[in-house]
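Input: a single structure, listed below in structure tokens.
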Amino acid sequence: MKPITNSWAEPYKMKMVELIKMTTPAQRKKALKEAGYNTFLLKSEDVYIDLLTDSGTSAMSDRQWAGMMLGDEAYAGSKNYYHLEDVVKEIYGYKYLIPTHQGRGAENILSKILIKKGDIVPGNMYFTTTRLHQELAGGRFEDVVIDEAHDPENEFPFKGNVDLIKLDKLVKKYGASKIPYVSIATSVNMAGGQPISMQNLKDLRAFTKKYNIRIIHDMTRVAENAYFIQQKEKGFSNKSVREIVKEICSYTDGATMSAKKDALVNIGGFMTTNEWEVFEEARNMVVVYEGLHTYGGLAGRDMEAMAIGISESVDDDHIRARVGQVIYLGEKMINYGIPIVKPIGGHGIFVDAKKFLPHLSQDDFPAQTLAAEIYLDSGVRTMERGIVSAGRKPNGDNYYPKLELVRFTIPRRVYTQAHMDVIAESTLRVYGRREKIKGLKMVYEPKYLRFFQARFAKI
Ligand code: F0G
């Protein structure tokens, strides 16, 4: 449906609200110190506007809540599983479905099935949990995203694209038999929510077909990617997001999904495949790690909410408002002169901490520092996406990612335009006193996915 105006105004109204606490600077200072300057360790009670993540933080619709009441909590063969299976087939087009408690449950199973020790897994930039599961299964991740993705200033509209020359080099070096699949994310999270183009996907499909290599799709934010294709890629302006989503999936062989993002639920995920043998093996494994293959760690009501959420997620009006709100915040930040990743991505604003705090070295954790300072200023909670998130290589050395970012992730259907104004104004205040900001040192480092639980102290 064509919009009535050019505005991104929301296609819904509120019928229930959740009260949030306003805090004082003294309270925030204390809370931050207790949290070891890690926003993951703050109590949500002490947060005013929570932009830590768009994961599991969406507001469900009245239809989804009504669906929760239709939960069929049978141990096996729940009605809601079959509903979800139908929706996944109809909207995404994948043949076989294995529900999991969330995305990383699916990544665990799929990595264990497809990856052998010594394998190479090329991907369009790493994601934290995805890469770790690939490594734990014995594989090595190789980044094949185009160079533009590592440059926050480069305004190329499809920075999630795969560099086929880099991929070709890997195939020549290691041989196709060492590459179980190419790992493709739509809306590349760590690059700033940057989309992959349909043309690139088609070219990738042609390339991988030649070598008989699979494409596995991390479809966590596929609808947002589809929206950018509709808006920016030639030949797609008259196609619906729903049609574009299905076409994207058609160029891949299977997928992992964290339904906590696009699909508008607070918990849930799945893996899919078009290959019977992979499905059979996944059905064997899901009972070990998640639960029976018709619930995979979820309640019947969770699967029902997910099935309904998936249908809502591909609605053109929904996605225009969702991404429109993100763009509103990003443009405001750009007007204030704050350095952010461009183009503005689908699920949040990524502030360039290297540019914001140029006097800090990467070992002073500029993005971690900036996230702490923004919380201190206004109670807005953001997330580090830089050297702390990147973690260590299997040999123990730190990864030094080019991008050192603070992510302002926007939950879906949760905050208003006035909240966006508060966020931008707070960031501007911190920008005004940036020269006085000092870095952090890490005083506790967990073994895996350290960003979740690491603790810091002021230098
Ligand atoms: N893939 C992508 C692209 C993700 O963004 C996430 C989660 C996962 C996989 C894992 O899914 O959390 O359901 O196990 N991203 C969250 C975030 C944590 O904040 O970006 P999960």
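For ligands, and for the atoms within them, numbers begin at 1 and follow the listed sequence.
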message = A cation-pi test, strictly: NZ or CZ of Arg131 under 6.0 Å from the centre of the six-membered ring of Tyr126 and no more than 45 degrees from its axis. Yes or no?
response = yes
ask   = Is any N or O atom of Asp54, backbone or side chain, closer than 3.5 Å to an N or O atom of ligand 1?
value = no
task = Return yes or no for this condition: an N or O of Arg385 is under 3.5 Å from an N or O of ligand 1.
result = no
Could you identify the single nearest non-hydrogen protein atom to [atom] and state the distance to 0.1 Å?
atom	result
atom 7 (C) of ligand 1	Lys261 NZ, 2.6 Å
atom 9 (C) of ligand 1	Glu107 OE2, 3.1 Å
atom 11 (O) of ligand 1	Ser258 CB, 3.3 Å
atom 2 (C) of ligand 1	Asp218 OD2, 3.4 Å
atom 21 (P) of ligand 1	Gln102 NE2, 3.2 Å
atom 10 (C) of ligand 1	Thr129 OG1, 3.5 Å

Atom indices of ligand 1 within 4.0 angstrom of [X] heavy atoms, with elements:
X	answer
Gly103	11 (O), 13 (O), 14 (O), 21 (P)
Arg104	11 (O), 12 (O), 14 (O), 21 (P)
Thr53	17 (C), 19 (O)

message = Measuring centre to centre across the rings, with the benzene-like ring taken for any Trp, is Phe279 within less than 6.0 Å of Tyr96?
response = yes
inquiry  = For Phe40 together with Phe451, are the ring centres under 6.0 Å from each other?
reply    = yes
remark   = Of Met383, Arg407, Lys260, His347, the residue with the heavy atom nearest atom 17 (C) of ligand 1 is Arg407
ask   = Do the non-hydrogen side-chain atoms of Pro122 and Leu167 ever get within less than 4.5 Å of each other?
value = yes
request  = Measure from the side-chain N and O atoms of Thr208 to the backbone N and O of Arg214, and report whether any donor-acceptor pair falls under 3.5 Å.
outcome  = no
query = Is there a donor-acceptor contact under 3.5 Å from the side chain of Lys232 to the main chain of Phe158?
reply = no
task = Let me know which of Thr220, Asn189, Thr409, Asp54 forms a side-chain hydrogen bond (donor to acceptor under 3.5 Å, both in side chains) with His347.
result = Asn189
query = Do His217 and Tyr251 have side-chain N/O donor and acceptor atoms under 3.5 Å apart?
reply = no
